[in-house]
Structures are given as C-alpha cells and as structure tokens.
Amino acid sequence: MPKVLTVVGARPQFVKAGVLAKVLAQLGDAAPFEEVMVHTGQHYDANMSDVFFQDLGIPAPKHALGVGSGTSGYQVGKIMEGLQEIVGAEKPTAILGYGDTNSTLAAALTATHLNIPFIHLESGERVFRRFEVPEEINRVIADNAAHLCLTSTRRAQRYLMREGFHPDRVRFVGDTMYDLFLQGKAVYRDRATMHPADFGVEEGGYHLATIHRAQNTTSPAVLLPILEAMDRSDLPVLFPIHPRTRKVAEEAGWTPKQSLKFIDPLGYYEFLSVLLGCVRVVTDSGGVTRESFFALKPCIIPMENSWWVEIVESGWAVEVGTDADVLGDALNSFVPANPAPVGLFGDGESGQRMVEEIGKFVGQESIGDGRWHRMGSLPELPVAASTTLTNTRYREILRGLKSDGYEFVAFPDLEAARSQSRKVALMRHDIDFDLGAALQMALIEKEEGVHATYFLMVRTDHYNVFSENGASMVRQILDAGHSLALHFDCASYPLSMSREELAEACDREAKMLESWLSRPVEVVSYHRPAADVLTGDPAFSAPRPHTYMKTFTEGDIAYMSDSRGVWAKGDPLDSVARQEGKHLHILVHPIWWQDIATSPFEVLQQYADRKSETLARSMAANCKVYQVGWLASEGSK
Ligand code: UD1
Ligand code: UDP
C-alpha cells in the first residue's frame, strides 16, 4: 500500500489533518494509502497543538521533531534535517504538506531534494506581496515543488494555470476546513467545554477577534492601534490571543481597558462556539476568515489585501488595512451588501476528494518523474532541434534563385512564362497567423527585388485586415510591390456546403478584400481544406483559380512548402527541381522565419504570448478596471 508522509506543525495544519484522519478512518481497509504523520513542533503549546489532536480525534503523530520556535532559518533547517532521516527510514511514496507555514516549506524542499513527490494541499492561493508575508513565498515554493497541487478554490486553480502549471498537476478539491466546519457545527454545543457565557459575554452580544500575522505583529506601532480600536468597540470583543501577539502586547506593556477581552487560544469546538455566537469577526487569519464566512459572520480584515479574496468580493469581508478608525467604524457597523454565495469552497466533501486525488496519484505505476512543463509530460515536449529557417537563409534562397535566372512573378503570369519558356518562381505566402511577420518578409523581398503573393484571410481570429493596424500592415506589403490574394478558410464554413456554395463564399470574401484594398484578388489558397478540395477541382474557387489546381503543382512546376516549420522536400536551393530548372511554386509561411534560428514550437509559443499580451492591452485600453500595473500605461497606447 502506498505510504504518504504527512508533515504538520502549526495550528491550521492540525485542523486540516483532522479532516484527512477522519476520511481515512471511515475508509478503513479501503483507504487508497497509509498515512504516516510527522509533527514538526513548530507549534507546541498544549492549546496550540495537543488540543486539536484530542478534539478532532487525530491519531498521535508517529514522529515528532520538536523543533519549537526560532528564526525561519532555524525552523526550516531543523525540520529538513529531521525529515530527511524520517524519509530515509519510512521510504514514503509521497510527502503531503498543508498551506504556507515554515513546516510546509521545509517539507516541500525535503521532498524535492530526496526525489520524493510532494503533494500540496491549499495550493495556489496568492496575495501577491512578499514584504512581511513569509507565507506567500512559502506557498509559492511549495506549489512549484509539488507534483500534485490540490486547491481549495477555483481562483487558486486559475492562479496556478496563469503561472504555467500543467492542468494535470492541479486539482480543485475544495476547502477541507469547510468540511470540518459543517461537521463541527452539528456537534459543537455538546463537544465544546466552554461557551460564550463562560467568557462573560452573551450570544449575539459580542465580537470575536484573532490577530497574529507578521505584518500586524512585527511592530507595536502597527499592532497597538488595532488593539486600541477594538478596545473602543461598542460591544465586547473576545480575543483568543495567539502567543506571538500576546508577547508583543505584553512587551509593549499594553493591556485592554474597555471592550477587549484577552483569553487563551481555544480548542476547535470552543472556538466554533464563540464564532457562532458572535456578531462580527476581526481577523487576519486565513482560516478564521473562511470560518467567519461559513458561519455567515461579517468579517473585518486588518490587512490591505488578504487571502481568500472571494470572500471580500462577495461583500462578506472588508479589508481595512491598518487604519484603526476605519477598523473601529467597521466593527460597529459593517453589514455585508449581498447574500452569501454558495459553493466557493466546495460542498463539504473536500476531504473525500482529497483522498481520492492523492490515492490516484500515489497509485500510479510511475510517479514523480518531475514533469513540470505546462504543455505536457516530458515525452510530449518538443525536442530541441536546429532549424534552417532564418531570414539570412531566406535572402540566400532568393539570391540563389535570382542568380539561376528565376523570375518572381504573380500567379496569373505563370501561363505566359510557360509559353515563352521563361523560368519562374511563384513566391507564395499563406498568412495563417501573424500579419506582422508577413510585413517583415515583404520588406526583405522588396530589398532583394523579389515579387511575392500574399494570401490574406478575411475570416480569422488571428488578425484583422479591416482594423487600422491590420490595414496599415497590408498596405505596406502591397506598397512593397507584392500581389494580394485570398487565403480562404474552408473550415470556417459548414461541411455541408456544396462546391458552388463554397465558390460563392470565396467570391464574397475576395470582393471584400478587393473593395477594401483597391487591388485585384486573382487567386485563392485554402486554409484547412476539405479532402475533395485537395483534388484540385477548379469549381471550388471559380471564377478565380486556386493554388491546389494542377496547373500550379504538377508537370513543369514543382511545389515545395515550409509547412509546420520544415521543408518537407528540402530547401529550394538544394532541390532537384531547381537543378532541373523547373518552375517553382514555393509556399513560405513568414512566421517560421526569424533573425535567429528558432524552433517552430518556440515561434508559436512566442506568438501566443504576444497575442495574449495584445488582448490584455486592448482590454485595458477599453476598460479601466483592467488598467493595473504595466497595463495602466500600456493600455492607453
Ligand atoms: C505560523 C505561520 C502562519 C500561520 C500561523 C498559525 C509561518 C511562517 N507562519 O505563524 O502562516 O498563520 O502559524 O497560527 O510558518 N509561539 C508560542 N507557542 C507556540 C507557538 C508559537 O509561544 O506553541 C510563539 C513563539 O513566540 C513564536 C511565535 O509564537 O516565536 C511565532 O510562532 P511561529 O510558529 O514562528 O509563527 P506563527 O506566528 O505562529
Ligand atoms: N483556531 C482555534 N482556536 C483559536 C484560534 C484558531 O481552534 O483560538 C482554529 C480555527 O479553526 C482556525 C485555525 O485554528 O481557522 C487556524 O488557525 P490560525 O488562525 O492560527 O492560522 P491561519 O489560518 O491564519 O494560518
């Protein structure tokens, strides 16, 4: 049976470990893997650690590292050292880590260093800031180290996609803390040993607070105004205080005077009881923000931006930064604007899904071969290979053909050349994607005194010859002395169309180009042609000829193409046809030809990247809310 080594160490991880323990216990012998737990000892006070094992029925960890408090360097180093020994002895199939603590980071690094696949639960959340937010970098590193990223929200899944994670590496399972909340809500009245009245407050007559984030507790100058604002609240504020926060307040000699009540950290069910009985919550805890939302309690977050931003967007939490007055006002009056949305954190069955996904992962025959590329697994990735399609080579080809006596003519001039026994090259460019690359090539040809025919599309998502930018590029191509032709996308019309109907559609598109650009369109090439188009039947594009017609491809003329970024029958200069002095019909897709040799895969990847940038810019230009960061200045261009 596969063995998963779970690494926990801090309070939020015990809570999650409770969910996994319960699902595995329910599955019994049917569980798809065995769990072996390591407690790092990052949190060690009984009310920060043991209480959760008791409350949630989590079996005692098999290994305890007991690292305790210290600098991040101490904690991460100590945990890694201890874990390496345990991994050596246990030989787990995978290591599982939760969230964003130093224990998580140490587990992720240990796993990668020992070539053990890492599984990361609560992956992908981001606040996009690092200063005084060690959790952000911990999570980013853990995500990147992970073979399997299990997310609590759809948003986190999308963040990972944007960061280039392969979809197979990311699974949305929902929030295990929601499972636990639902289970706890049903039993907390009996299970909790203390309720609000035991703290001197009445249900529905107090607020609840937890503050412990580094950014709020590193300096008393930030923490004390927050505490003072809560102390001025109209209602009492119950504050189960994290040891870190208590230390800072005590060292500053600060004590509550009016509404704030410091109490010791609570066990899970006691905490649920005070949560479900309160009016509003003030918290910078990621767990408590979600639990407030699950409990339908308006939540005030003393941060400028927080995790679980969906809750802020829903109107059920408000970020007040460190402005104590804003916090104080919100504490007395904040009311959510909208009904609470359902399903943001799953359906309460995340634990089962998590076990299923982990089970599938560790049950694979071969796991952990470190396949990270967003496009696929290692065998599916493009293999680097040299390419000859450079602009320098293109010039050499043109010069070579010219020195052979080839004339570069338009398609309608082929017949005349044949009758006069001249030797011609039809330089054809089908513009499938990149109009910018077409213009570059057109200018090279102009410098070399070469005529080519540019086949442009009317119906395509890739460029628009009718836009200001598109039309300007096409005019420059035509001004360089080239011919205009139609690249007709058969696949954008229904398959059921007859050849006459296709010809009609083709004629319509050609006429649009002609009237827009005031140039004749005398020939058509097909994009994504249906099989019978390939027979060369002229009826498909009548009255204009098309490039698959035999007159352009057979007999005294040789057809060659760089489709897919390689010369299928060799470079034109090296071709037998050239040696034999045949007419040449050369299809060149400008996109493949670059100043520096670049593989076709990379060319298309760069093109796709440029397209998505252009899309973002055009949205920013039109829509203020998207004008952030570099898009703010670029958007208006
Ligand atoms: C850690 C996590 C944070 C998480 C929080 C949950 C990191 C970087 N941060 O922060 O993401 O939200 O846990 O509570 O891992 N202390 C005790 N007794 C304890 C534990 C801590 O007194 O049992 C005191 C010590 O003074 C310690 C301080 O709290 O130095 C901070 O503890 P630490 O584990 O380093 O970070 P947290 O602030 O708890
Ligand atoms: N919690 C608790 N008692 C407390 C405070 C918190 O049981 O006094 C629970 C609660 O379920 C919370 C979880 O511990 O969601 C996580 O704790 P914490 O706020 O320390 O961590 P974070 O979620 O900010 O990482």
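When a ligand or atom number is given, it counts from 1 through the structure's own listing order.
- Ligand 1 has no nitrogen or oxygen under 3.5 angstrom from a nitrogen or oxygen of N138.
- The pair R129-E304 counts as a salt bridge, with a side-chain nitrogen and a carboxylate oxygen less than 4.0 angstrom apart.
- In terms of protein heavy-atom proximity, atom 9 (N) of ligand 1 is closest to E135 OE2, 3.4 Å.
- When non-hydrogen atoms are compared, ligand 2 lies under 4.0 Å from the backbone of Y268 as well as from its side chain.
- If you check which protein heavy atom lies closest to atom 34 (O) of ligand 1, you get Q42 NE2, 3.0 Å.
- The aromatic rings of Y159 and F128 sit perpendicular, their planes meeting at an angle over 60°, well past the 30° parallel limit.
- Distance alone, capped at 3.5 Å, is enough to place a donor-acceptor pair between the D143 side chain and the G124 backbone.
- Using a cut-off of 4.0 Å between Lys/Arg side-chain N and Asp/Glu carboxylate O, E135 and R213 are scored as salt-bridged.
- Looking at Q75, H43, M48 and measuring to atom 35 (O) of ligand 1, the nearest heavy atom belongs to Q75.
- Of all atoms in ligand 1, numbered sequentially from 1 with element shown, those under 4.0 Å from a heavy atom of T101 are 2 (C), 7 (C), 15 (O).
- Nearest residue to atom 22 (O) of ligand 1 from S72, S49, G41, P243 is P243 (criterion: closest heavy atom).
- Among all protein heavy atoms, the one lying closest to atom 7 (O) of ligand 2 is F52 CE2, 3.1 Å.
- Residue-level proximity to ligand 2 for R290 is absent, since no heavy atom of it falls below 4.0 angstrom.
- The distance criterion of under 3.5 Å between nitrogen or oxygen atoms is not met by T210 with respect to ligand 2.
- The closest approach between R213 and ligand 1 falls below 4.0 Å for a heavy atom of the residue.
- T101 and T104 form a side-chain donor-acceptor contact under 3.5 Å, judged by distance and modelled atom types alone.
- Neither the backbone nor the side chain of E270 comes within 4.0 Å of ligand 2, counting heavy atoms alone.
- Ligand 1 has a nitrogen or oxygen under 3.5 angstrom from a nitrogen or oxygen of H242.
- Between the side chains of T151 and Q157, not a single donor N or O lies within less than 3.5 Å of an accepting N or O.
- Between H39 and F53, the ring planes lie parallel to each other; the angle is under 30°, not in the 30° to 60° tilted range.
- Using the six-membered ring where Trp is involved, F345 and F294 have ring planes that are perpendicular, over 60° apart on the 30 and 60° scheme.
- R280 places a side-chain heavy atom less than 4.5 Å from the side chain of P298.
- Counting the atoms of ligand 1 from 1 in the order shown, those under 4.0 Å from a heavy atom of D100 are 11 (O).
- Short contacts between ligand 1 and P12, defined as distances under 4.0 Å to a heavy atom of the residue, involve ligand atoms 6 (C).
- Any N or O atom pair closer than 3.5 Å counts here, and V15 shares no such pair with ligand 2.
- Inclusion of L266 in the set of residues having an N or O under 3.5 Å from an N or O of ligand 2 is warranted.
- Taking 4.0 Å as the cut-off between side-chain N and carboxylate O, D175 and R290 count as a salt-bridged pair.
- Using the six-membered ring where Trp is involved, H147 and F361 have ring planes that are tilted, between 30° and 60° apart.
- Contacts with ligand 2 closer than 4.0 Å are made by side-chain heavy atoms of E291 only, the backbone lying farther away.
- Comment: R139 engages E122 in a salt bridge, judged by a side-chain N to carboxylate O separation of less than 4.0 angstrom.
- Between D100 and ligand 2, no N or O atom pair is found at a separation short of 3.5 Å.
- Some N or O of G287 is nearer than 3.5 Å to an N or O of ligand 2, by distance alone.
- Polar contact check, D284 against ligand 2: no nitrogen or oxygen pair lies under 3.5 Å apart.
- Protein heavy atom closest to atom 25 (O) of ligand 2, with residue, atom name and distance, is P12 CG, 3.3 Å.
- Given atom 14 (O) of ligand 2, the protein heavy atom at minimum distance is R11 CG, 3.5 Å.
- Interface atoms of ligand 2 facing S285, defined by a heavy-atom separation under 4.0 Å, are 18 (P), 19 (O), 21 (O), 22 (P), 23 (O), 24 (O).
- Between D347 and R353 there is a salt bridge, since at least one side-chain N of the basic residue sits less than 4.0 Å from a carboxylate O of the acidic one.
- Under the 30°/60° scheme for interplanar angles, the aromatic rings of F293 and W316 are found to stand perpendicular.
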